[in-house]
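Below, chains carry the letters A, B, ... as their sequence lines are ordered, and counting in each starts from 1.
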There are 2 protein chains.
Amino acid sequence: MLPEEGRKRVIIEGVKPEIDAGRFPIKRIIGEETVVEADILADGHDALSCALLYRKQGDDRWTEVPMEPLGNDRWRASFGVHEMGIYYYTVQGWVDHFKSWSRDLAKRLQAGQDLSVDLLIGAEMVEAAGERAAQLDKEWLATFAKTLRAGGAEGARHALSPELARLMSINGERRFITRYDKELKIVVDRERARFGAWYELFPRSCSAVPGRHGTFKDVEERLHYVASMGFDVLYLPPIHPIGTSFRKGRNNTTVVGPDDPGSPWAIGSAQGGHKAIHPELGSLDDFRHLVETAGGYGIELALDIAFQCAPDHPYVSEHPEWFRKRPDGTIQYAENPPKKYQDIYPFDFESEGWRELWEELKSVVQFWVDQGVRIFRIDNPHTKPFPFWEWLISEIKRDCPEAIFLAEAFTRPKALYGLAKRGFTQSYNYFPWRNTKWELTQYLTELTQTEVSEFTGPNLWPNTPDILPEYLQFGGRPAFMARFILAATLGPTYGIYGPAFELCENRPLAPGREEYLDAEKYEIKSWDLDSPDSIWELIAKVNLIRHENPAFQANNNLRFHDVDNDQVIAYSKGSVDRTNQVLVAVNLDPHYKQSGFITLPLEELGIDPNLPYQAHDLLTDARYLWHGTRNYVELNPLTVPAHIFVIRRKVRTEHDFDYYL
Amino acid sequence: MLPEEGRKRVIIEGVKPEIDAGRFPIKRIIGEETVVEADILADGHDALSCALLYRKQGDDRWTEVPMEPLGNDRWRASFGVHEMGIYYYTVQGWVDHFKSWSRDLAKRLQAGQDLSVDLLIGAEMVEAAGERAAQLDKEWLATFAKTLRAGGAEGARHALSPELARLMSINGERRFITRYDKELKIVVDRERARFGAWYELFPRSCSAVPGRHGTFKDVEERLHYVASMGFDVLYLPPIHPIGTSFRKGRNNTTVVGPDDPGSPWAIGSAQGGHKAIHPELGSLDDFRHLVETAGGYGIELALDIAFQCAPDHPYVSEHPEWFRKRPDGTIQYAENPPKKYQDIYPFDFESEGWRELWEELKSVVQFWVDQGVRIFRIDNPHTKPFPFWEWLISEIKRDCPEAIFLAEAFTRPKALYGLAKRGFTQSYNYFPWRNTKWELTQYLTELTQTEVSEFTGPNLWPNTPDILPEYLQFGGRPAFMARFILAATLGPTYGIYGPAFELCENRPLAPGREEYLDAEKYEIKSWDLDSPDSIWELIAKVNLIRHENPAFQANNNLRFHDVDNDQVIAYSKGSVDRTNQVLVAVNLDPHYKQSGFITLPLEELGIDPNLPYQAHDLLTDARYLWHGTRNYVELNPLTVPAHIFVIRRKVRTEHDFDYYL
């Protein structure tokens, strides 16, 4: 069967970025550029013109950006997005007969051929364009057509003038345009989606009086401390009533004492469920006050969303159909056989009542949005269906595009990326277990330099309440410093679980286990924030550096550099406008001083290889005069295990002194 | 908005093979396997079952093949295709609760837990399966359910029996199946589409009487010679009446003598067009007789389809609307400014009459199909629209699936691959200009080991009537031998333009030009087939080797091996059933003897590294006893510049002699 229009000779393929054939959106932050490339070609030797088209959702009109040929039939253009929400982009191409004609005319002229007929062909095209043009262009085109028809050297000169090319690019014929068959989607978020320093704390451990249950008011008192370290986001574990049936005791034991507070993730009791607040923390008003007060410190609150229930959760009696029943009439608790988690009932997403369940869970998130929360850390998202998250996140973001979702997707890589593609703004990832230079280089390259960076922002956590990596257990304070600097400078977004982290808490539950001894999940802790071992000052300094240096605020600008010592890792980041260029070198060995030569690609960094340049260490304020591609660094883990340099191209010379002239 | 069914928890992505998100089919030969892989996963820890589905076009029922997990959420299965035409395949997956239950039960049993409730859960699933099952299975399942309900050690033992697993894999519940959202297409061709040796000759040069215009009868006389060299396909340049206006003289000059026959590609005169035969060649009956006679020699005829017209072509007066007109009333001839090809009128595919033009061109191919031709070599397909070819090839193959189309796509890579994706069975390619070891390794790896091999079969030509590569101009007879062996052993399909090739014709039009002096395109030649320089004997031997060794008949089985001399290239190919393993080593230096050590991956080749093995050179019948990964070769370009080894695992030892025991 013949196609409807067989004269669309242009074909388009290999469009990038495009995730899974356009099934999923890419993500951008307000103000960011999207560079679009495509293979666009036609049969024969005709010249093409190609355009990138983009529009915001709800806007019918496309904005057109001309694409530039890169050679090998590849074309490129870019555009910026300036509002939160959904954008679309696509590309189109057409055979441009006027462009072919100009190109060929120049060759004929060069070869001294008779141009009379060719100039007539051109005149016809110019006249046709004149019929389409608006008044001013119309007159110009008529004049050009006349000159072309007159022929001769004058005709040829005008035929090849840039002014005619410009007029024709606007008014020239565009027949048989091939539009790419997909409209590709972008989710545009606010800046915090990409750049931010997170701090996790347990509100109940914030009391100034050891042993007393902390409250939201106590958290308010703690805000000054958190702000002084320069954090942007304060993330709280679940703040809901905690179940009592099968409550876990200290160190996750099944023996529970009367004063054991239980795990905040065992959500729900007679006092309420996911929309209620644990009474000992305060009231909903107290919570809203905390949100507001934190805002005054420039700190945004993030809440934990853990879609699971303690056996006492009101849902269990109100909606028994949302849980799986066992033949003995009991409800199926969480399991990872042979382990049993009898304090937790998972929802049954295969329930006949799945529609009501989905709507109810969405209303939970909406409830907290209504209380002013815009950032959600989603607990174990990989144990709830992928289609559910895709639906929930798009529903919430439709009315609240500033919402940010962090996936606690400590799971297999394809599940992690599958969740990110379906809407999660950021993901936890395998950073806690990437400690050597090779591991860090491989993994961060994947996260920042591959297609992955189009749809997920990494959030790098050196520890969490559940994870105390072996590296931290054995490396002492230097290990905490090194891992902190890595997290804070490898990615634009990172987080720590404090005060355990800044106080260098490193006792594991048992040898070979990567969990905390006396974990805060199961008990109220009292932390000595004034401990001399605290690395809060380093944290404060690095967070300030992150804010002052835009190079640290992007994700896809990371480049690793060779160092002739496997214990020293070096990487650079440059800001989009190339005015800010940073270089970080970290000693990964927490025990010994290490040194080595870093090899830098000077051209990429915009440095003249024949001139010296300055490496200014923002941690110590030391300034090193460097020259050429190879320069020496030496790092002592016991003082500061890293350099965070700003690289400056210009250094002072004799010319700067008055008496030189 | 809620999805229609939110309980389909399985997601599917990364399906391979899949060309451009399923826009284009992959290609297979009858009997070949298609290995399909996909990422298939669900939330949580439930076990999945996955299946590959395939069907022939017109058959509504899918055949199901269970997929095996490869780890990292990747699944695989394969199937064979056994008829020409179109097949479809896709994959599906579902959460398999019985499988999860069995896996968990084994762990619980191991941990010594009470299984009573779990066995009841299992019994319910088995009973439900029984309700779906056919009589025999129904009874079996009922018995199992009873044993499970009875519980105890006996219940557990039966619960984990392979027989129950088998019964449940057939009759178990399959709810909420996720089917991949694309049905992917396969075009299945006959064996000749992949494997064949092509020989091109000009019928008009086949006369035994020098200077006389050859005829189809003369070609019949030549068949014995072609068959004796072992060729499978005889390809003829256009056989239609040749235009007289602006006819080209010898060496492509515009000065034409009265006896100059013109270029066969300048198609059409008062004597007819694309469906007519040049009268001096014979009649349509003669042509049909030639097709038949060639068939008797095991040789299939391939025709040239060149969709362009000489100014005398009947189309020009009958369908002036198919050509572009210039303002002076003349028809636009072919150009590549400043070059003019006034003997050729290209069709205007942007014509208002494009529908009639397409149908007419299709009728040209159909006409020759009706005369018994099944193989078409398409001249310059990249100068006609991509959508046209996609339509034409699928139209022809619908009724004639054995049709084979070779694209003379000497053009940019994306145009070449774009044509292949749209239906061309095979493509000419850049082989003529890939001469060094690095070039050959890179390029043949691309053609055989990447996605490219899913949609195009390379046809390797060391020369064509238009192309006499520099390597052949300067390397003498050894260069012809080396390039022949490379073409014939690197790919399952290759071709030569003869007798120029086997007679080592190497005179260029001018220094620095890669065209023939006194090219056969513009004059009738008389070749001395008995020349002592002819390499016909080598050709015959290699074609025999190709037929006798299935390893040479596949495309994606090519592996290059390291040689410590850049002038020696080595590669191996193994048959699918691994019974035939060949190794080729070629001296790329036509001037000097070269030697080196080849490093072989013995494990991949199925050779015990501790035992000697035999390298049997099929060209010279020499047998080398090799041992270990590194073995020496020495190749003299003046005798035979290559080894074509069969590698044999077993060699004779003392055990083979009677007196050993």
Side-chain angles (χ1 to χ4, degrees), chain A residues 1-3 6-9 11 13-14 20-23 39 41-45 72-74 95 103-105 107-108 110-111 113 116-117 120-121 123-124 175-176 326-328 330 335-338 346 349-351 354-355 358-359 381-388 391 412-415 418, chain B residues 1-3 6-9 11 13-14 20-23 39 41-45 72-74 95 103-105 107-108 110-111 113 116-117 120-121 123-124 175-176 326-328 330 335-338 346 349-351 354-355 358-359 381-388 391 412-415 418:
Chain A
M1 218 184 56
L2 285 167
R7 292 173 292 179
K8 291 185 178 182
R9 294 164 50 204
I11 61 171
E13 51 188 42
D20 291 4
R23 165 71 176 81
D39 297 331
L41 58 152
D43 60 281
H45 308 291
N72 194 21
D73 296 311
R74 194 87 180 144
V95 172
R103 179 198 61 196
D104 292 350
L105 193 79
K107 290 181 191 165
R108 295 181 215 275
Q110 182 84 16
Q113 293 181 350
S116 52
V117 177
L120 290 180
I121 294 174
E124 284 178 2
R175 284 177 84 196
F176 316 129
R326 289 157 59 89
D328 61 357
T330 61
E335 286 187 289
N336 186 10
F349 280 89
E350 292 187 1
S351 159
W354 67 272
R355 286 183 189 80
W358 283 29
E359 292 287 2
H382 52 285
T383 59
K384 291 93 196 171
F386 294 90
F388 166 68
W391 171 81
R412 309 181 311 281
K414 282 160 191 173
Chain B
M1 218 182 60
L2 285 166
R7 292 174 293 179
K8 291 184 175 181
R9 294 166 48 205
I11 61 171
E13 53 189 41
D20 292 2
R23 165 72 178 80
D39 297 330
L41 57 152
D43 59 282
H45 308 291
N72 194 23
D73 296 312
R74 195 86 182 144
V95 172
R103 178 199 61 195
D104 292 349
L105 194 80
K107 290 181 192 166
R108 296 180 214 276
Q110 182 83 16
Q113 292 180 352
S116 50
V117 178
L120 291 180
I121 295 174
E124 284 178 2
R175 283 176 85 196
F176 315 128
R326 288 155 59 89
D328 62 354
T330 61
E335 285 187 288
N336 187 7
F349 280 89
E350 291 186 1
S351 160
W354 67 273
R355 287 184 185 80
W358 283 28
E359 292 288 2
H382 52 287
T383 59
K384 290 93 195 171
F386 294 91
F388 166 69
W391 171 81
R412 309 181 311 280
K414 283 162 191 171

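In terms of non-hydrogen atom pairs under 4.5 Å with chain A, the most contact-rich of B:G44, B:P337, B:P3, B:A415 is B:P337. With chain B as the partner, the residue from A:A21, A:G14, A:P327, A:S116 showing the most heavy-atom pairs under 4.5 Å is A:P327. Between chain A and the options B:R175, B:Q113, B:Q110, the largest number of non-hydrogen pairs under 4.5 Å is found for B:Q113. Heavy-atom pairs under 4.5 Å with chain B were tallied for A:D73, A:D20, A:N336; the largest tally goes to A:D73. Ranked by heavy-atom pairs shorter than 4.5 Å toward chain A, the options B:L2, B:V95, B:D328, B:I121 are led by B:L2. Across A:G6, A:A111, A:G418, the residue that shares the most heavy-atom pairs under 4.5 angstrom with chain B is A:G6. The most heavy-atom pairs under 4.5 Å with chain A, out of B:S351, B:P413, B:P346, B:P381, come from B:S351. The residue among B:L105, B:T330, B:N72 with the most heavy atom pairs within less than 4.5 Å of chain A is B:N72. Ranked by heavy-atom pairs shorter than 4.5 Å toward chain A, the options B:H382, B:R108, B:E350 are led by B:E350.
In this structure, CZ on A:R7 lies 7.0 Å from CZ on B:R355, to the nearest 0.5 angstrom. With values rounded to the nearest 0.5 angstrom, A:E124 atom CD is found 11.0 Å from B:R326 atom CZ. Taken to the nearest 0.5 Å, the CZ atom of B:F386 stands 4.5 Å off from the CG atom of A:L41.
In plain terms, the two heavy atoms of A:W391 and B:M1 that are nearest each other are CD1-O, 3.2 Å. Of all heavy-atom pairs between A:D43 and B:T383, the closest is OD2-O, 3.5 Å. Nearest heavy-atom pair, A:K8 versus B:P387, reported as atom, atom and distance to 0.1 Å: O-CG, 3.4 Å.
B:K414 places a side-chain heavy atom less than 4.5 Å from the side chain of A:R74.
Residue A:F176 touches chain B through its side chain alone, counting heavy-atom pairs closer than 4.5 Å. Contacts of A:A42 with chain B are made by backbone atoms alone, with heavy-atom separations under 4.5 Å and no side-chain atom involved.
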